[in-house]
A.B. asks: 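Starting off with a structure, shown below.
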2 protein chains.
Amino acid sequence: MPADRGQAAGQPTISEVAAEAGVGRATAARTLGGYGYVSPELRERVLAAAEKLGYRANKLARSMSTGVSHTLGVIVADIGNPFFAGVVRGICDTSRARGFDTIVLSTYEKLEEEVAAVNVLLDKRVDGVILSSAAVGKDEVAHIRAATQRVPVVLVDRAVAALDLDTVVIDNRDAAREAVETIIAAGHRRIGFVWGPPMARPPATRRELLAEAARNLWTDGERLRGYLDALDDARIPFDPELVTVGRKTEEQATEEVGRMLAMPDRPTALFCTETDAVTGALRALRAAGLAYPRDVALVGFDDSAWAAVMEPPLTMIEQPVHELGAKAAQVLLDALEGAEPARETHTLRSRLIARASV
Amino acid sequence: MPADRGQAAGQPTISEVAAEAGVGRATAARTLGGYGYVSPELRERVLAAAEKLGYRANKLARSMSTGVSHTLGVIVADIGNPFFAGVVRGICDTSRARGFDTIVLSTYEKLEEEVAAVNVLLDKRVDGVILSSAAVGKDEVAHIRAATQRVPVVLVDRAVAALDLDTVVIDNRDAAREAVETIIAAGHRRIGFVWGPPMARPPATRRELLAEAARNLWTDGERLRGYLDALDDARIPFDPELVTVGRKTEEQATEEVGRMLAMPDRPTALFCTETDAVTGALRALRAAGLAYPRDVALVGFDDSAWAAVMEPPLTMIEQPVHELGAKAAQVLLDALEGAEPARETHTLRSRLIARASV
DNA sequence: AGCGATTCTGATACCGGTACCAGACCTGAA
DNA sequence: TTCAGGTCTGGTACCGGTATCAGAATCGCT
């Protein structure tokens, strides 16, 4: 006799329900699965039996049989980042509303974790994948390409140039330009850029910087371009000394901003491309005995409750995180329902919340 | 001929690998599954065939057959809360290290979502569940009890009195007492408590407040008790007017703190039990034209980068979020590996980070 | 050489669902 | 009465793995 492997204590199966109701297995399955013909009378009997036994369909078995799991896979760079937490919530809300579960995986910005995550999702036979990838170059997208051959994939927050996929992003470049324009309008001409693409040393030229940007995260590149756009429009020369260098950590931001602040012609304004860059900059400001907006103006990405309660409150860029996730889920779900994949980029608008830091 | 349901484009199965290698299905399965006997020669052939076809085991099918999914289910109250994000990371890190995947679900503090989440996880046949529940009373734990009959369940962050389960929490009561003691040591005697259990109106008595607390989230109750402990030790009479009332939102905190601040004998210190309570209090302070620590001292739960960069920096309680998750995962995994469930409560220590707000 | 033990293989029956299909039963029209 | 057609049921073959087991091949030992 085979052991009762695969059967947790007393999980009733459809066969048991059928036996209890005194009908065939197929009939019970049709009733419980909600497909095919079944007379009201038998239906009633089956339902009663299922109720009595506390039957719950084994979704694993169902997925096996149908090949559909009604589950979306989500891979984000860092679930601990409120930005992604918001995006995930948007995804969950809309997919839930359309009858799909979600499995969320976080890569903590590591490409190898991302590859592993894709495999986990594929192994679990999710129906589709939403991904904010750390991949950039052609040689880093093999796992994504492999995934697209199995299930629809939509990119969120970060476009990947090497890939032609449905993508949902915000207007990073415009948002950055608007922020820097605001700074310029307040009379500043020496504007530091905190958290560009990580480089070993300051770029020698603007060209070198852009080349490096192209080899890094799409969002960073876009925000950098927006910064340069604003500088160009105002005919402010680009100074390579005014962009941070090195790894993207709060500590590094503190250090680099400290370096800028120590320059004889130090920046009078700082544009921070992420929330950790803001806190890092703030630390540097304090260390240098400087205050905003008096000594230096400050604008950053990713608004939060904290930014609003700072004294003075911070001018920040608010991203439509929930909509970003919702839209991504919608695009994916539509594709799953047979809509022709348009492979287009959906760009959502962010918003500059002017407060008192510039 | 049956349609090719269940089979995504070109996913090779074990049968195809077996055919390609010219061996029986069972032999291929043994090789790829890593169990049973198989000669080096055939093993080599099978491996080569699998490689050639790009075979990946269907974990769904495997789970069906073995009844084990190597997946942990995690249900937290709000993944958007950095506290829980940290806990989740702790869980993921350790379960990953021990060969388990995790499925994370967020209930956004709604009990019905929690019930649904439990069902989703059970339907997906996870091997165990880690849960920070919003349930309190005996009548709210049916879903948890049902889950425990199928798989091991460990509670994290929030104990549930009605349940006898393995539980991993922090020393909320002690932490709160220590924080309030610090405030008292600085000479304060009128100390507001921001974000107690939600009540319609201020409690008439201390007894009523405690009764209400018992009907609410465990953490809130513990923190409240710690507050009262410190008051008692210092022989400071309890004033019901000094605890906030109403729903637990940042707005409500702002409003209630505003009310306190308008009192003739207003509090000279505020103890905030959660991060949103801190930002809410800060808003109220600003609205009242008051500054900390000059006019009122401030201590709050859940340290963050922002708290450190505030001017002046905030004294906060830091919770060991990562350890909390890691420990919970460890306890669950041990139970899964057959360790006798001890059904004990593991209490982790938090830490008061003294900065400049008191 | 004979024979039991050991090594190894591949049928085959599961797991718990879904899908197909043959056929029973019941109509109603010719 | 017969038969075409519809309604409804349950047997059975899947899905892609794992587990059992009978038996073939090989081996060592007397």
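Chain letters run A, B, ... following the sequence lines, proteins first and then strands; every chain starts at 1. Please read these numbers as outputs of a predicted model, since none were measured by experiment.
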A.B. asks: Can you check whether B/R125's main-chain N or O pairs, donor with acceptor, with B/S69's side chain at less than 3.5 Å?
C.D. replies: yes
A.B. asks: Taking A/S65 for its side chain and A/R62 for its backbone only, find out whether a donor-acceptor pair lies under 3.5 Å.
C.D. replies: no
A.B. asks: Counting any heavy atom closer than 4.0 Å, what does A/T27 reach on the DNA or RNA strands: base, sugar-phosphate only, or nothing?
C.D. replies: base
A.B. asks: Taking OH from A/Y35 and P from C/dC20, how many angstroms apart are they, rounded to a whole number?
C.D. replies: 10 Å
A.B. asks: Report yes or no: is there a donor-acceptor pair, N or O only, under 3.5 Å between the side chain of A/R62 and the base of C/dG16?
C.D. replies: no
A.B. asks: Rounded to whole Å, please give me the gap between CD in A/Q11 and C1' in C/dG16.
C.D. replies: 11 Å
A.B. asks: Within the structure provided, determine whether A/I91 and A/T102 are in side-chain contact (heavy-atom separation under 4.5 Å).
C.D. replies: yes
A.B. asks: Is there a side-chain contact between A/Y37 and the phosphate of D/dT9, meaning an N or O under 4.0 Å from OP1 or OP2?
C.D. replies: no
A.B. asks: With respect to the phosphate group of D/dG17, does any side-chain polar atom (N or O) of B/Y55 fall under 4.0 Å of OP1 or OP2?
C.D. replies: yes
A.B. asks: Rounded to whole Å, how long is the line connecting atom CE of A/M64 with atom P of D/dC15?
C.D. replies: 9 Å
A.B. asks: Quickly, which of A/R25, A/R45, A/K52 forms a salt bridge (Lys or Arg N to Asp or Glu O under 4.0 Å) with A/E20? Name it, please.
C.D. replies: A/K52
A.B. asks: Do the side chain of B/R30 and the base of D/dG17 come within less than 3.5 angstrom through a donor-acceptor pair of N or O atoms?
C.D. replies: no
A.B. asks: In whole angstrom, give the distance that lies between atom CD1 of B/I14 and atom P of C/dG10.
C.D. replies: 13 Å
A.B. asks: Quick check: does any side chain N or O of A/S132 sit under 3.5 Å from a backbone N or O of A/D157, one acting as donor and the other as acceptor?
C.D. replies: no
A.B. asks: Atom CG of A/L60 to atom C1' of C/dC14: distance rounded to whole Å?
C.D. replies: 16 Å
A.B. asks: Nearest whole Å is fine: how far is D/dG16 P from A/R125 CZ?
C.D. replies: 8 Å
A.B. asks: Tell me whether the side-chain N or O atoms of A/R25 pair up with the base of C/dG16 as donor and acceptor below 3.5 Å, since no angle test is needed here.
C.D. replies: no
A.B. asks: Among D/dT9, D/dG16, D/dT12, which nucleotide sits nearest the side chain of B/T13?
C.D. replies: D/dG16
A.B. asks: Could you tell me the separation between the CD atom of A/E41 and the P atom of D/dG10, rounded to a whole number of Å?
C.D. replies: 11 Å
A.B. asks: Can you see if the side chain of A/S39 gets near the phosphate of D/dT9 - specifically, an N or O under 4.0 Å from OP1 or OP2?
C.D. replies: yes
A.B. asks: Using a 4.0 Å heavy-atom cut-off across all strands, classify B/L42 as base, sugar-phosphate, or nothing.
C.D. replies: sugar-phosphate
A.B. asks: Please pick, from C/dC15, D/dC15, D/dA19, the nucleotide with the shortest atom-to-atom distance to any side-chain atom of A/S65.
C.D. replies: D/dC15
A.B. asks: Which nucleotide, C/dT18, C/dA11, D/dG11, lies nearest any side-chain atom of A/T66?
C.D. replies: C/dT18
A.B. asks: Once you round it to whole Å, what is the distance between P of C/dT9 and CZ of B/R45?
C.D. replies: 9 Å
